[in-house]
**Student:** 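Okay, handing you the structure first.
Note that the coordinates shown come from a computational prediction; the quantities given were computed from them, not determined experimentally. Naming convention: chains lettered A, B, ... in sequence-line order (proteins, then strands); numbering from 1 in each chain.
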Protein chains: 2
Amino acid sequence: MTTISDVAAAAGVSVATVSRVINGNANVSPETLAKVTKAIQDLNYRPNLLGRDLRRTKSERVLVLLPNISNPFYSEIVKGIEDVANRNGYSIMLCNTDSDIKREKKYVKMLKTRLADGAILMASEMSCEELTELSKELSIVQCCEYKEGVPLPHVSIENEKAAYKATNHLISLGHRKIAFIGADNQFLSSNLRETGYKRALSDAGIEIKPAYICYGNYSYKSGFRNMKRLLDLPDRPTAVFCVSDVMAIGAIRSAMEENLKVPDDLAVCGFDNIHFSWMFNPSITTISQPMYDLGCTAMEALINIIEGKSSEIVNYFLEYELIVRSSTLKGY
Amino acid sequence: MTTISDVAAAAGVSVATVSRVINGNANVSPETLAKVTKAIQDLNYRPNLLGRDLRRTKSERVLVLLPNISNPFYSEIVKGIEDVANRNGYSIMLCNTDSDIKREKKYVKMLKTRLADGAILMASEMSCEELTELSKELSIVQCCEYKEGVPLPHVSIENEKAAYKATNHLISLGHRKIAFIGADNQFLSSNLRETGYKRALSDAGIEIKPAYICYGNYSYKSGFRNMKRLLDLPDRPTAVFCVSDVMAIGAIRSAMEENLKVPDDLAVCGFDNIHFSWMFNPSITTISQPMYDLGCTAMEALINIIEGKSSEIVNYFLEYELIVRSSTLKGY
DNA sequence: TTGTATGCGTTATCAG
DNA sequence: CTGATAACGCATACAA
């Protein structure tokens, strides 16, 4: 491996001078600049980041922890994060936690060990206590999913209201028997979406039937299975609100297997607006989260923390949108 | 930030002793072990990886460069990579290059600067010359897409034969007017798949019609658009082979818009076997790449290189599979 | 069993 | 404008 002193030797100067050249320091004569530049070229030298970052105690790298890269929902968010990061000279590295707290902590450890300057957490499995502890020493922003009462900024949408809007859309189409396929996890959004669903029903004077409420794990299969169960009910629902598009797809396939027509016999509303929700046939009515903006905002917040521009903890709630398509309304 | 000397001071020992404790060195008395352990706990100390790796000249980290995390094709591969990495004590970090050679080189730079021990390249935009140059100093494995004649191992499938098999499936169903939607990029697989398609036609004594051959960019829209064009042909094809599932989905939606039935009026075959290919309605006939195994094999090969277990360049071709579903054959 | 001293590759300070 | 040198945090050869 060629080091800065190799270059210095080759150019007949000191390492300090080479360092100045590398970092674009102005105080270097044209001749030495040329000599050093040539030596760098000749030796194909690249500064060792480990040495540099150790000295600078700054890496200009940021970790993005997400549960699963195969979830298309995250792709757009990551794009937003990356764009803002690149604009500001940061590199981002994606860390797949697989919703495994052990893996997650391994990556958090890299943060503690200064491998990166900060992190964006997309759906952390850590407890409020753990996160609070981390907040004292690390630069962290929560994105989409977040824990409340933790002294960390978060960026997300108002899930309760979004779910209310989705449910209300189904009600406005004349549905009264509206089922709900939620998620049985620890995340706040799951609760909020269920609350929004229930509030919409209540506000419309519709009785909340426990039999119409079930829980999956965001997967196609769980959507399929739960829908099957709902359709087996003596008084089957005519509409269903799923808290993810992938579950909505599962629900639709389930209905099709029973020879039901969507939306005529069953209206289906999803959540997230992933690409496949409009590619699918029928295209899926859904709540669109501003994924790209969520990513941008999270990264901007993180940079503010890292660079100490603002010490206060700001929480952002971005705008969502109901996108009506063929799975609830014909011809869309 | 608390360092090893803080711990040493707190425990009343030297930094060397603390280092021994951290690294599980046996030569440490039970009492000092206890003292040091306590100090580490009390100060909540974590060794600085930058310092450690700089000293060890080894990071036990590996970079995975991929063009786009939103392509579901890569998710399973990454899972395989991660599992093998974790089993062997490596951490992996995903790097989204966005098919941008500048971004790609930025990450490669991190390799050169010893931030990671090696990398898996999924669809590099770099030239053969550049890759050859890199091969001299870095541990790199190519996965799925690869450049030929470069002294780097690669792991993939035999794309030509796979495409032959897919096309032949359509022929065996009685189709003679078979179109091809390929990809207009620099990747070897694109050429090989086209070659396989043509060879299948030739072997069956079917004339190759240039009008039946068109190119997209793996996206839904390009599949949709190209199919539209094909269907506008005076002598429209009755079957189409797309080199990606997403383009196949686009093609199917295109056919549906023309009120054509799949597979009756148009049989569609994709490539990759992404999750959505079976969730889609109709489910999509496709070539299944052993994505998980591709990832495992690539990571194993990389570890071999990094740890110097084998110096020869081995290329792996894994088994693929034709998965027949409803988009070509009814009732599947 | 423990401590001292050195070096990993940089950058930054300070003197010249 | 340039060079010598200390320091970043850690691991390790060597000495004790």
**Student:** For A:Ile4, which contact category applies under a 4.0 Å heavy-atom criterion: base, sugar-phosphate, or nothing?
**Tutor:**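 If one applies the 4.0 Å heavy-atom cut-off, A:Ile4 turns out to touch a base.
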
**Student:** Restricting to non-hydrogen atoms, name the atom on A:Ile140 and the atom on A:Ile305 that form the minimum distance, rounded to 0.1 Å.
**Tutor:**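 Taking every non-hydrogen atom into account, O-CD1, 3.8 Å.
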
**Student:** Under a 3.5 Å cutoff, is there a donor and acceptor pairing between the side chains of B:Asp53 and B:Ser59?
**Tutor:**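 B:Asp53 vs B:Ser59: no donor-acceptor pair found between side chains.
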
**Student:** Remember a base hit wins even if backbone is also touched, and classify A:Val13 as base, sugar-phosphate or nothing at under 4.0 Å, heavy atoms.
**Tutor:**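 The answer is sugar-phosphate, as A:Val13 gets under 4.0 Å only of primed atoms, P, OP1 or OP2.
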
**Student:** Look at all strands and tell whether B:Asn48 reaches a base, only sugar-phosphate, or nothing, counting heavy atoms closer than 4.0 Å.
**Tutor:**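 It contacts sugar-phosphate atoms only.
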
**Student:** Does a donor on one side chain sit under 3.5 Å from an acceptor on the other, for B:Ser124 and B:Glu145?
**Tutor:**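 Per modelled atom types, B:Ser124 and B:Glu145 side chains form no pair under 3.5 Å.
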
**Student:** Regarding A:Asp83 and A:Tyr292, do their side chains bring together a donor and an acceptor under 3.5 Å, going by distance alone?
**Tutor:**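 Checked: A:Asp83/A:Tyr292 side chains pair up, N/O donor to acceptor below 3.5 Å.
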
**Student:** Counting any heavy atom closer than 4.0 Å, what does B:Thr32 reach on the DNA or RNA strands: base, sugar-phosphate only, or nothing?
**Tutor:**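 Sugar-phosphate contact only.
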
**Student:** Taking atom types as modelled, find out whether A:Thr132 and A:Ser135 have a side-chain donor-acceptor pair closer than 3.5 angstrom.
**Tutor:**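 Per modelled atom types, A:Thr132 and A:Ser135 side chains form no pair under 3.5 Å.
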
**Student:** Regarding B:Ser91 and B:Glu60, do their side chains bring together a donor and an acceptor under 3.5 Å, going by distance alone?
**Tutor:**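 Absent: no donor and acceptor within the cut-off.
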
**Student:** Could you check whether A:Leu50 gets within reach of a base, just the sugar-phosphate, or nothing at all, counting any heavy atom under 4.0 Å?
**Tutor:**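 Touches nothing.
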
**Student:** Heavy atoms only, 4.0 Å cut-off, all strands: where does B:Asn23 land among base, sugar-phosphate and nothing?
**Tutor:**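 Answer is sugar-phosphate: B:Asn23 comes under 4.0 Å of backbone atoms only.
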
**Student:** Regarding A:Lys106 and B:Asn86, is there a side-chain donor-to-acceptor distance under 3.5 Å anywhere?
**Tutor:**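 Side-chain D/A pair, A:Lys106 to B:Asn86: present.
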
**Student:** Looking across every strand, which nucleic acid part, if any, lies under 4.0 Å from A:Arg20 by heavy atom: base, sugar-phosphate, or nothing?
**Tutor:**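 Contact class for A:Arg20: base.
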
**Student:** Both B:Thr57 and B:Ala16 contact DNA chain C. Taking the nearest nucleotide for each, which residue is further toward the 5' end?
**Tutor:**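 It is B:Ala16, whose closest nucleotide lies nearer the 5' terminus.
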
**Student:** Do B:Gln186 and B:Glu125 have a side chain donor and acceptor closer than 3.5 Å?
**Tutor:**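 Yes, a side-chain donor-acceptor pair sits under 3.5 Å.
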
**Student:** Checking A:Glu104 against A:Asp100 for the side chain to side chain contact (heavy atoms under 4.5 Å, CB included) test, could you report, in this order, the C-alpha distance in whole Å, the side-chain angles of both residues, the deciding distance, and whether it holds?
**Tutor:** CA-CA 6 Å; A:Glu104 186 176 351; A:Asp100 175 357; over 6 Å; no

**Student:** When all nucleic acid strands are considered with a 4.0 Å heavy-atom cut-off, which category describes B:Arg55: base, sugar-phosphate, or nothing?
**Tutor:**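 The residue B:Arg55 makes base contact.
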
**Student:** Contact boundaries of DNA chain C with chain B (under 4.0 Å, heavy atoms), 5' to 3'?
**Tutor:**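 Range of nucleotides touched by chain B: C:dT1 to C:dG9.
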
**Student:** With sugar-phosphate meaning primed atoms plus P, OP1 and OP2, does B:Ser19 contact a base, only sugar-phosphate, or nothing at under 4.0 Å between heavy atoms?
**Tutor:**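 Result for B:Ser19 = base.
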
**Student:** Nucleotide range of DNA chain D contacted by chain B, 5' to 3', under 4.0 Å to a heavy atom?
**Tutor:**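 Nucleotide range in contact with chain B: D:dG9 to D:dA13.
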
